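Presented below is the structure to which this report refers.
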Number of protein chains: 2
Amino acid sequence: MSRPREFDADLALRRCMEVFWTKGFHATSYEDLTRTTQVKKQSLYGVFKNKRELFLKSLALYREENLSVLEKRMACETSPVRRLEAICEAALYADDEARIRGCLIINTSLEFGNGDADINREIGQMMERTEGMIEQAIRDGQAEGAITSRLGSRELALHLSNAINGAKMMEKSGISREEILGVLRTSIALIEA
Amino acid sequence: MSRPREFDADLALRRCMEVFWTKGFHATSYEDLTRTTQVKKQSLYGVFKNKRELFLKSLALYREENLSVLEKRMACETSPVRRLEAICEAALYADDEARIRGCLIINTSLEFGNGDADINREIGQMMERTEGMIEQAIRDGQAEGAITSRLGSRELALHLSNAINGAKMMEKSGISREEILGVLRTSIALIEA
DNA sequence: CTCATACTTGACCACGTGGTCAATAACTGA
DNA sequence: TCAGTTATTGACCACGTGGTCAAGTATGAG
């Protein structure tokens, strides 16, 4: 019926996501996107209406991939405290290039403030779901007495989630992974019973 | 000897700082700066070489003002734990407009990553000095038994400083001040003896 | 008063931006 | 084969950017 698309839209989206991740939304130009995807502007345009839509799709892709990695990592661990440690370890990237990029969600949250409703929704989803996972692990830990019951599971979850956000920030400033992980381990150690 | 300057350079710098604070470095244009300062581009240029230098000066101004406020607030408090609380309260802005702007240092750190040496130095100074203040309060607290000695003062200081950074991030996303302060109070409660 | 000096002003510039357009090419159902 | 549909391509556009320039102007030292 019509001429078939010559490029893989999913792959192109992934490449775009990586550029946004590295440079941020405003700083990436169409030139950047066309260069790394090898897809001309108008073709990209045909699939994703404009830069903003492309970015929103990138955010969603990042979120889903990140959360699925997180879920897998947690499923491997049996003890609640180990699960919390696994979340912290998964939150921080291992290779240096990724570490300097930091977390796309955090970067975006800072870049946009709370001005953009669609962006906010995307970020909120990511936060809520990770907070939920943390809270579940904490509840389990409290049930078996490994984690303090002096404070409620939600408060403790917010405390840890906040610490992770701080760590994701620090990640970008070139501090070593071990140093940052040490801070997070302290934050975990403080909530153990 | 020569024609005197017609505008107040310090005041202009303060206004520029506020624009950078609100919009970030890249997003503020010369047009923004000339509009809010009422000083023409070339005149601003005469005092501060270019946008970048102006930004560095703005960062330094922000840092000094922030730290001096922090020091004053701490001096009012006698108990170490209260001093920690004061730091947390001072870290979060009270009026809504400032809250949405967040912290200029954090914003800058995220915007630049660790690419720019001068920027890094500026940020590092701010971080180190606040960390130092926190660590001192913690040492005092440990000495009088109000704060746990299970962990070292430096580790605890990093934990709290990291939590404050996370809070400064959250601040921008429109969450209520009380809610964020609650998280920080948890982080303090966890290190009490 | 004169003149060197530094400030002021608005016009100007090359460049990169996100986005648009029209011509062309490839494919398929009829 | 051919007509209809969609993808591709590169030229194009108006605009905003950081930065520069040259002409004019207020000041105070000599």
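These numbers come from a predicted model, not from an experiment. So that the names make sense, note that chain A is the first sequence line, chain B the second, and so on, each numbered from 1.
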- Item | Residue-level proximity of residues 24-44 of chain A to DNA chain C when a heavy atom falls under 4.0 Å | Thr28(A), Ser29(A), Tyr30(A), Lys41(A), Gln42(A)

- Identify whether NZ of Lys or CZ of Arg in Lys51(B) sits under 6.0 Å from the centre of the six-membered ring of Tyr30(B) and within 45° of that ring's axis. no

- Does a salt bridge link Arg101(A) with Glu97(A), judged by any charged N lying under 4.0 Å from a carboxylate O? no

- Query: For the ring-ring contact (aromatic ring centres under 6.0 Å, His included) test, which of Phe48(A), Trp21(A), Phe25(A) pairs with Phe55(A)?
  - Reply: Phe25(A)

- Does Glu111(A) reach the main-chain N or O of His26(A) with its side chain, forming a donor-acceptor pair under 3.5 Å? yes

- Query: Quick one: does Leu151(B)'s side chain get under 4.5 Å of His159(B)'s, heavy atoms only?
  - Reply: no

- Looking at residues at least two apart in the chain, or sitting in another chain, which of them share a ring-ring contact (aromatic ring centres under 6.0 Å, His included) with Phe7(B)? none

- From CA spacing to verdict: salt bridge (charged side-chain N to carboxylate O under 4.0 Å, His left out), Glu89(B), Arg82(B): CA-CA 10 Å; Glu89(B) 285 161 17; Arg82(B) 270 299 304 150; 3.8 Å; yes

- Rounded distance (Å) that lies between atom P of dA6(C) and atom CZ of Phe7(B): 15 Å

- Message: Each nucleotide in nucleotides 24-30 of chain C should get exactly one letter: B, S or -. Can you fill that in based on protein heavy atoms under 4.0 Å?
- Response: -BBBS--

- What is the distance, rounded to the nearest whole Å, between atom CG of Asp8(B) and atom C1' of dC7(C)? 15 Å

- Note on the structure: In whole angstroms, the gap separating C1' of dT17(C) from NZ of Lys23(A) amounts to 12 Å

- Would you tell me whether Gln136(B) and Arg139(B) have side-chain atoms, one donor and one acceptor, within less than 3.5 Å of each other? yes

- What is the distance from CZ of Phe55(A) to P of dG18(C), rounded to the nearest Å? 13 Å

